[in-house]
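Whatever order the structure lists ligands and atoms in, that order sets their numbers, starting from 1.
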Amino acid sequence: MGDLQIIVGEDEEARILSCAPPDGIKGLICKSQEAKEFAYCPYSNFRVGAALLAHDGTVFTGCNVENACYNLGVCAERNAIAKAVSEGYRNFKAIAIASDLNEQFISPCGGCRQFMREFGTHWDVYLSKPDGSYVETTVAQLLPVSFGPEDLKKKKVFTIQNGF
Ligand code: THU
């Protein structure tokens, strides 16, 4: 007595276990939480997961992967983006990010913001908490007045040849 028991049907149970929720934001966040489980972070003990939604609905996940040579560690978001790009995807709709922080929404590091920005400024970023709550933002909001690939093509005072 007193214990709240949540009874779910078989389908719902399978959905929770496999993290295969209905489409949409909640689904993407669920996948980022699932990716977080694979985090390799023996140095920071700070797990991060990301789920990247491509234009055609394909989702690429990533987790942080650290290294004994500390500065070689790679963030979850960058891993997800690199996985997608290396499979021919460059057009993204959204990325969801998960961590174990209970009291704040995980916020991507500056390097990851720039990495996202490479593929456009007008796509969504969902910063989540372990309970599945989230804040919706965009790459442009996270990295205002950014520098991107288009800037390299703009008019310059000098055009140097062969890098000299
Ligand atoms: N980390 C991410 O994977 N994404 C972020 O946006 C913030 C930080 C990782 C890097 C490192 O493995 C650990 O979290 C602690 O900084």
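- Other residues, nucleotides and ligands contribute more than 12 heavy atoms inside 6.0 Å of the CZ atom of Phe105.
- Atom 9 (C) of ligand 1 has its closest protein heavy atom at Asn64 ND2, 3.6 Å.
- Within ligand 1, the atoms closer than 4.0 Å to a non-hydrogen atom of Ser44 are 13 (C), 15 (C), numbered from 1 in the order shown.
- Ring geometry for Tyr89 against His55 counts as tilted: the plane angle lies between 30° and 60°, on a 0 to 90° scale.
- Ranking the protein heavy atoms by distance from atom 3 (O) of ligand 1 puts Ala76 N, 2.9 Å first.
- The protein does not reach atom 16 (O) of ligand 1 closely, with no heavy atom under 4.0 angstrom from it.
- Using a 4.0 Å cutoff on heavy atoms, Gly73 does not count as a contact of ligand 1.
- Looking at Glu34 and Thr61, their side chains never bring a donor and an acceptor atom within 3.5 Å of each other.
- Taking a cutoff of 4.0 Å between a charged side-chain nitrogen and a carboxylate oxygen, Glu150 and Arg117 qualify as a salt bridge.
- Set against the non-hydrogen atoms of Val48, the atoms of ligand 1 under 4.0 Å away are 1 (N), 2 (C), 3 (O), 4 (N), 9 (C), 14 (O).
- Set against the non-hydrogen atoms of Cys75, the atoms of ligand 1 under 4.0 Å away are 1 (N), 2 (C), 3 (O), 4 (N), 10 (C).
- Nearest heavy atoms, Leu52 versus Ala84: CD2-CB, 3.7 Å.
- Distances below 4.0 Å separate heavy atoms of Pro108 from the following atoms of ligand 1: 6 (O).
- Although no hydrogens or angles enter the test, the distance criterion places a donor-acceptor pair under 3.5 Å between the side chain of Gln33 and the main chain of Pro130.
- Protein heavy atom nearest atom 12 (O) of ligand 1, with residue, atom name and distance: Glu66 OE2, 2.5 Å.
- No path of Ile, Leu, Val, Met, Phe, Trp and Tyr side chains, each step under 4.5 Å between heavy atoms, connects Ile106 with Leu53, placing them in separate hydrophobic clusters.
- If you look at Cys41 next to ligand 1, there are no close heavy atoms at all, none under 4.0 Å.
- In terms of polar-atom proximity, defined here as any N/O pair under 3.5 Å, Cys112 makes no such contact with ligand 1.
- Residue Ile106 has no nitrogen or oxygen atom sitting less than 3.5 Å from a nitrogen or oxygen atom of ligand 1, judged on distance alone.
- Atom 4 (N) of ligand 1 has Glu77 OE1, 2.8 Å as its closest protein atom, hydrogens excluded (heavy atom only).
- With contacts defined as side-chain heavy-atom distances shorter than 4.5 Å, the pair Ile95/Trp123 qualifies.
- Lys129 and Glu103 are not joined by a salt bridge, as no carboxylate oxygen comes within less than 4.0 angstrom of a charged side-chain nitrogen.
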